[in-house]
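Report on the following structure.
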Amino acid sequence: MEKLSTRSAHQDCERKQGVSDRQRRGQRRDTTTSHDGDIESGEELCSFKPYESKKHQKQQKKNKDSNRDATSKEANSFVGHPKSPKKAITGEQEQEKVKKSKKKNLPKHPEEEENREGTLSGVDTQVSKPKFSKDKKIKNKRGGSKKQVFESYMTSEEVSHGLKRGELIQGQLRINPKKYNEAFIPSPDDTWDIFLDGIVARNRALNGDIVVVQVLPREQWKVNSREPERAHSTNYTEEGRVVYIVEKKHSRAVTGFLKFLPDKRFAMFSPVDHRVPRINVPLDDCPENFSSRHGDYNTTLFICRITDWAGDSYFAEGRLAKTLGQAGEIEPETEGILTEYGIDFSEFSDQVLDCLPKNLPWTIPPEEMRKRRDLRNECIFTVDPATARDLDDALSCKQLPDGNFEVGVHIADVSYFVEQDNILDAVASQRATSVYLVQKVIPMLPRLLCEELCSLNPLTDRLTFSVIWKITPEGKILSEWFGRSVIRSCVKLAYDHAQSMIEAPDKMFAAEELPPVDPVHPIDEIHQAVLNLHSIAKNLRAQRFSGGALRLDQSKLSFMLDKETMMPQGCYVYQYRDSNKLVEEFMLLANIATAHHIYRRFPELALLRRHPPPKAKMVDELQELCDQLGINIDFSSAGALQKSLNNTLGDDEYSSARKEVLTHMCSRPMQMALYFCTGVLKEEQVFKHYALNVPLYTHFTSPIRRYADIIVHRLLASSLSARKQSTFRSKQASHCNNKKTVSKRVQELSTELFFGVFVKECGPLDSEAMVMGVLDQSFDVLVLRYGVQKRIYCKSVGGLDSFQHRKVGKKSELTLVWTPEEQEKLPVEQIISVFTLVEVQLKADSVPMKYSAVLKRPDNRSHSFLCCFMIQ
């Protein structure tokens, strides 16, 4: 097995609360801070379902799952310091015991991921073994018999007939990251969830797999027998079991640790993600000295691939793929994340690189130049994060004699270099998106394209697609032009530069205050263009929101990294400013214009992006909760919701925190935005983008990092010329959706990884926090200083004498009783409900890269503080 080299150097990190502007420039553009509407679409903020797999869950050995303890009132209900793992179960006899008592084989841990399915609407549900499973005996390899653990799968013919008759349901499996015995698939109309109770009901399917489910007879449902307040969510009404796996979306690759089993020819592999079964691995796959020195590998992280999972065993079979390195180090952990989520981070092959231009430095061929509109003398510039190297969009703004403006959005013409159906195109299509980690980018295209030939670098001739409008100062579009062009960016501005220009409209900027500028265009000309764009963008934005658009903002954590070790030296909540909004408005405008253009030309073949409305049942539940909290929120439309969120949430220093908590609550019912082919969906009504409140939308502005944009560019090129019409398979839209979802999850895990390191190196960290949701033995908080969300388990709170849960309707409340610090004093009560302000301390766990939020004892000022308010 290959051994990954890792960095182990650690440097002292900064504990300063403030971050200088120069430090903030290190923010890299990524899918959550891009300016073409990813945040606007709601997909970045919706209840994340298809790929919720949480590799890095905090392990907790004291916690007991509800199916192991029928008297427990909330499984995974508290956090403590992890104890040493119990001895793994081995041998057929012990596996039989596992069959009788799952607590012998299921890891005990409270996963720390925010549960976006049940945080606000209820508490964790009790789970017990499904009744449909029958004890069957089969012959084992030694000639004896073993009980069948899992039901045999139906045949494809049985499944096909069952689906046609409506007796079976197909959907994507998602497993609760906090309680791995709970799983769900959406109903056919996606209005509720079908509940799968226990690992047997999942029948060897893993998170993200496309499965076929048979609904159990009503008398076998356990949902209705649960206490109402214990329901994880009232958003499911039926229970079922998996009878067929249509597609194994899960990579079957997992990271974890090896455990030596005496007198066995295999070792036990324990995945970090507890929703994946333990795996028997041949000793021949293990390191050469593993049997004699297995203790040396207790903290070594491995990658294992599942090769088989027999129906008579709770354990899968697998092979070790790689030794990553020491758990807790950034590079091994990062490679584990990438491998587990199926991200291709290999170097591009020679065959792929052979598709690139050979004669470097490359220049635009004269014959190509003649086919394009020459814009090289125009004042065109880029605005990006200071560290960005893949510059795929540029802006221009020129005032016309009649007082109107000629505004241009110029996008890198990646499709010129990526010819359809060659091997470079095949690889880009498979990767589908660049993946942005904290410390690096996994590019969709070779770096020669990403950072040089396609990147709109300053003072260099570059090929582009341009959309140019004649537009009034108020933002009314008078005319529109699409075409292929050639530009020469006059300067690479960072967001900080553009922001400085916006904030100082009368200032004369000196050359040394900006990056190198083309002498053809004076600094004042660039400054005025930025101011004009800002003025128009404000009007466009006001029109969008008055027209019913919705934006759900949530905090994004950013890091300052040491240039040599790439270790986090500091972190801060990224500020979304006017310069970001300026760029975003024109990217949205270009995407909307392109969507209309290609749909008019190719009504059966356009690749568009739709955003379905939020799930009605979840909205109804949230409406009930808000009503009980005294919050006047209107969910009738995207625009109505936006207006509600814009109303004042109090007038104190915590109003922005309340708004973020409320935004998080409102984001849970939101669905994912999706690419689709217009020929597949026949009703134009479903083309609509809910959050943007526009009938047609697509992605056109980021072809360097998104393959969907390349498809759109090809359609646009076909519409502008008489050449052969571009085509694409509708399956590619689905693939782009899957890859975008995975990319987003990997990015989140990378952020969590780095913040875990930051807490370890700089902690403990104190901060105020606001309660976001309350369960019966735990509650979720937003840590205000860092914008992270954590769950606090009451049973792990030191100094707590007792606690009591109360729930009326959808509103949950915990009363915490603190043991008095002095004997003669009375106990202190603290009420925990949504919007309660508390003090927490973030502390590193003994589990590598993990940290906990520890609730601090309330003082006289804050112990009974409740943020009660009404939205006017």
Side-chain angles (χ1 to χ4, degrees), residues 2-11 13 23-34 38 55-56 255 301 303 322 324-349 352-353 384-392 427-428 430-452 454-455 457 494 556-572 574 702 704-707 739-740 742-758 761 849:
E2 180 184 356
K3 173 71 175 179
L4 176 71
S5 61
T6 60
R7 296 187 180 93
S8 59
H10 295 265
Q11 299 213 355
C13 59
Q23 288 170 320
R24 290 180 189 274
R25 293 174 190 168
Q27 173 65 24
R28 182 189 299 276
R29 177 192 304 170
D30 52 38
T31 53
T32 57
T33 58
S34 65
D38 284 353
K55 178 177 91 68
H56 295 299
T255 59
L301 202 60
I303 291 177
K322 191 173 185 180
L324 290 175
Q326 287 299 301
E329 294 183 357
I330 285 177
E331 287 307 316
E333 296 278 358
T334 296
E335 184 171 352
I337 293 171
L338 295 173
T339 302
E340 192 164 324
Y341 281 85
I343 302 297
D344 182 0
F345 57 96
S346 63
E347 295 296 327
F348 290 94
S349 68
V352 170
L353 298 179
D384 291 279
T387 58
R389 291 177 292 184
D390 50 351
L391 314 180
D392 46 19
V427 171
Q430 183 59 35
R431 294 194 178 200
T433 180
S434 295
V435 181
Y436 289 78
L437 308 175
V438 171
Q439 78 278 32
K440 60 185 176 182
V441 179
I442 310 300
M444 180 182 75
L445 298 169
R447 295 194 183 276
L448 178 63
L449 292 183
C450 290
E451 299 174 10
E452 296 184 44
C454 293
S455 184
N457 298 326
K556 173 176 168 40
L557 193 61
S558 298
F559 298 88
M560 290 87 70
L561 304 180
D562 183 275
K563 291 182 179 180
E564 294 183 1
T565 66
M566 301 305 288
M567 293 288 288
Q569 290 187 309
C571 63
Y572 59 93
Y574 185 75
S702 297
I704 292 178
R705 66 179 177 90
R706 286 190 308 231
Y707 189 78
K739 285 296 187 180
K740 183 171 178 61
V742 168
S743 172
K744 177 179 179 290
R745 186 70 192 118
V746 167
Q747 182 182 324
E748 291 171 346
L749 290 173
S750 179
T751 298
E752 292 173 14
L753 179 65
F754 272 77
F755 191 65
V757 173
F758 180 74
E761 296 298 309
M849 301 294 188

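Nothing here was measured: the structure is a model prediction, and the numbers come from that model.
- Side-chain contact check for Glu752 versus Leu749: some heavy-atom pair is nearer than 4.5 Å.
- Annotation: side chain to side chain donor-acceptor pair (under 3.5 Å) contacts of Glu451 (sequence neighbours excluded): Arg447.
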- request: Would you please test Met849 and Val757 for side-chain contact (heavy atoms from CB on, under 4.5 Å) and show each step?
  value: CA-CA 6 Å; Met849 301 294 188; Val757 173; 3.1 Å; yes
query: Between Gln439 and Glu331, does a side-chain contact (heavy atoms from CB on, under 4.5 Å) hold up when you go through it step by step?
result: CA-CA 10 Å; Gln439 78 278 32; Glu331 287 307 316; 3.4 Å; yes
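- Interatomic distance, CG of Leu437 versus CE of Met566, reported as 10.5 Å (0.5 Å rounding).
- Side-chain contact between Ile704 and Ser434 is absent, with no heavy-atom pair separated by less than 4.5 Å.
- For the pair Thr433 (side chain) and Arg706 (backbone), a donor-acceptor distance under 3.5 Å is absent.
- The two atoms that bring Phe348 and Arg431 nearest to each other are CZ-NH1, 3.4 Å, heavy atoms only.
- Across Leu561 and Pro568, no two heavy atoms sit closer than the pair CD2-CA, 3.7 Å.
- In this structure the side chain of Val438 never reaches within 4.5 angstrom of the side chain of Leu753, judged on heavy atoms.
- No side-chain heavy atom of Leu445 sits under 4.5 Å from any side-chain heavy atom of Asp390.
- Salt bridge Glu340/Arg745: absent, no basic N to carboxylate O contact under 4.0 Å.
- Here the closest non-hydrogen pair linking Thr751 and Phe559 is O-CZ, 3.7 Å.
- Under the side-chain contact (heavy atoms from CB on, under 4.5 Å) criterion, Thr339 pairs with Ala253, Ile303, Arg305, Glu335, Phe345, sequence neighbours left out.
- With contacts defined as side-chain heavy-atom distances shorter than 4.5 Å, the pair Ser750/Ile337 does not qualify.
- In this view, Ser455 and Asn457 satisfy the side chain to side chain donor-acceptor pair (under 3.5 Å) rule, not counting sequence neighbours.
- In this structure the side chain of Cys571 never reaches within 4.5 angstrom of the side chain of Phe754, judged on heavy atoms.
- The side-chain heavy atoms of Gln430 and Asp344, taken from C-beta on, include no pair separated by under 4.5 Å.
- No donor-acceptor pair under 3.5 Å is formed between the side chain of Arg389 and the backbone N or O of Cys450.
- Side-chain contact between Tyr436 and Arg705 is present, with at least one heavy-atom pair separated by less than 4.5 Å.
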